[in-house]
Amino acid sequence: MNDMDTSDALRRSVAECLRQIAPEVDPAVLDPRRSLREQADLDSFDFLRLLMALNERVGVEVPEADYGLVDSLDGLVDYLGRHAPRVA
Amino acid sequence: MIELRLPSFGADMDDAEFVQWTVQPGQRVAKGDIACVVETQKGAIDVEVWQDGVVARLLAEPGQRLPVGRVLALLAEGDEDWQAVASAAPTPGAATPAPQTVEPAATAAAPAAAQPSPRARISPAARRRAAELGVDLQFLADAAGAQPVTLADVERVAAAGPSAPSAGSAEAMRAAIGAAMARSKREIPHYYLGCEIEVEAALRWLEAFNAARGLRDRVLWVALALRAIGLALREAPQLNGRFVDGRFEPCGVVHLGVVTALRGGGLVVPTVHDADHRPLPEVMRALADALSRARAGRLRSSDLADATTTVTHLGDLGTDTVYGVIYPPQVALVGMGRIAPRPMVRDNQLVVARTVHVTLAADHRVSDGMIGARFLGDLARRLAHPEELA
């Protein structure tokens, strides 16, 4: 799988997890560079649940110290891509 | 023999519509098991049993509108034979579908207890007409407060146009919230105090706490705040209790209602129990579970009964300061705004530190500014020593 495929797959995972937390938000209309929390109206509890769902899906835990890096959709997908466990 | 009664889920609730049973006669149940589902203006609520026992006789049917306090089922306890309990006990009380004069039961401190409270009186004629015209009496009763609801009121609402909100809809929820808030402003002489609390130490402590734990054990700022508020309320009994029938009753326990916005609009206020006694991870777990149930629309009776004080946290939305409205029959509400780095003075130097504006709305019939001020000072001190909140 090349990087583009991984990125698309991750984007889909994020969109699906986001749907669980904020079902009325259409991920397709979100600006991937702006704050995800603001656009999707996610409070701290929603965001934590999103990270938990992504952890189960993708196997990546985002520590609080890295919250600044995952504020946007692009940032989140990029972070997950860099930290996802490698499959041999 | 145990009587399972319909609990009250708030000061604005008089009755609920019975939806379905989730247990059957002969079934053994434990405390906390869900026995049935009822529909209220707050949505569908799972009603739990409060004692271990065996279900003996079911006394409610789907579609029935039942008042708070009404017996829903009989259970056998201990060594009792459930079949004997089922056949021996006479039918307790009359089932009361809408058009009858029923003494409105009131806010319950615990699910079993019911105390009278001043509520709207609705004449039998008004009730019958409301049933005929499809007017929601709950809505009218809340709007009327202590005034009687008359036949003229019912006909006026019916004539006014598109249907009064139906139970369970977003409009019904809005109406219920509006009625509770209107009543609060009408009856409770509010006073307001506010202070800016430095939380740099608390947040650094929390960050270290979370860094040492996995995602599943991560504790949110709100949980830490609830813990501090719980402990401070334990020392401020005049801010933690109920004002009913002209008298204040302090509560020995601290159960915090946490205002939660629902994504489709509307608010629910699930309760985090014993915030003063439980360690931080447990408070976080209780909060997370209650919020998940609230957002999923699967609240339980224990989520909505018996809050002693309410907390509203609007920090995530960018509000600096909250001037809240007390939720009757409580006597105080704690508001928290956004945590942000702000300029402040420490040791005569201008520094930048994260602070939060905390406000207290309190009932002046029960407490004075001194009590409120002491509470806020105590809260600030506790947040300055976060390790004691763990």
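Throughout, a chain's letter reflects where its sequence line sits, starting with A, and its residues are numbered from 1.
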Once you leave out hydrogens and angles, what donor-acceptor pairs under 3.5 Å do chain A and chain B share?
| from | atom 1 | to | atom 2 | distance (Å) |
| --- | --- | --- | --- | --- |
| A:Glu24 | OE1 | B:Arg263 | NE | 3.3 |
| A:Glu24 | OE2 | B:Arg263 | NE | 3.0 |
| A:Glu24 | OE2 | B:Arg263 | NH2 | 2.9 |
| A:Ala40 | O | B:Arg263 | NH2 | 2.6 |
| A:Asp41 | O | B:Arg263 | NH1 | 3.1 |
| A:Asp43 | OD2 | B:Arg295 | NH2 | 2.9 |
| A:Ser44 | N | B:Asp316 | OD2 | 3.0 |
| A:Ser44 | OG | B:Asp316 | OD2 | 3.1 |
| A:Asp46 | OD1 | B:Arg295 | NH1 | 2.5 |
| A:Asp46 | OD2 | B:Arg263 | NH1 | 3.4 |
| A:Glu56 | OE2 | B:Arg216 | NH2 | 3.1 |
| A:Glu61 | OE1 | B:Leu215 | N | 3.4 |
| A:Glu61 | OE2 | B:Leu215 | N | 3.4 |
| A:Val62 | O | B:Arg218 | NH1 | 2.9 |
| A:Val62 | O | B:Arg218 | NH2 | 3.0 |
| A:Glu64 | OE1 | B:Asn210 | ND2 | 3.1 |
| A:Glu64 | OE2 | B:Asn210 | ND2 | 3.2 |
| A:Tyr67 | OH | B:Arg218 | NH1 | 2.8 |

Candidate pair B:Leu333 and B:Val325, rule side-chain contact (heavy atoms from CB on, under 4.5 Å), full reasoning: CA-CA 7 Å; B:Leu333 179 126; B:Val325 183; over 6 Å; no
Derivation and outcome, side-chain contact (heavy atoms from CB on, under 4.5 Å), residues B:Phe9 and B:Leu299: CA-CA 11 Å; B:Phe9 302 131; B:Leu299 284 170; over 6 Å; no
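- Between the CG atom of A:Leu76 and the CG atom of A:Leu50 there is a distance of 6.5 Å, given to the nearest 0.5 Å.
- Of the two parts of A:Val25, only the side chain, counted from C-beta on, holds a non-hydrogen atom closer than 4.5 Å to a non-hydrogen atom of chain B.
- Most heavy-atom pairs under 4.5 Å with chain A, from the set B:Ala261, B:Ala296, B:Ala211, B:Ala288: that is B:Ala288.
- Heavy atoms only, all atoms of each residue included: B:Val272 and B:Ala286 are closest at CG1-CB, 4.2 Å.
- Using a 4.0 Å cut-off between charged nitrogen and carboxylate oxygen, A:Arg82 and A:Asp78 count as a salt-bridge pair.
- Looking at B:Leu215, the atoms closer than 4.5 Å to chain A (heavy atoms on both sides) sit in the backbone and in the side chain alike.
- Smallest separation of non-hydrogen atoms from B:Pro386 and B:Ala201: CG-O, 3.8 Å.
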Audit row: B:Ile34, B:Val47, side-chain contact (heavy atoms from CB on, under 4.5 Å) steps and yes/no: CA-CA 6 Å; B:Ile34 311 291; B:Val47 178; 6.0 Å; no
Worked check of side-chain contact (heavy atoms from CB on, under 4.5 Å) between B:Leu389 and B:Leu383: CA-CA 8 Å; B:Leu389 301 173; B:Leu383 286 169; 4.2 Å; yes
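- Counting heavy-atom pairs closer than 4.5 Å to chain B, the top residue among A:Ala22, A:Pro23, A:Ala65 is A:Ala22.
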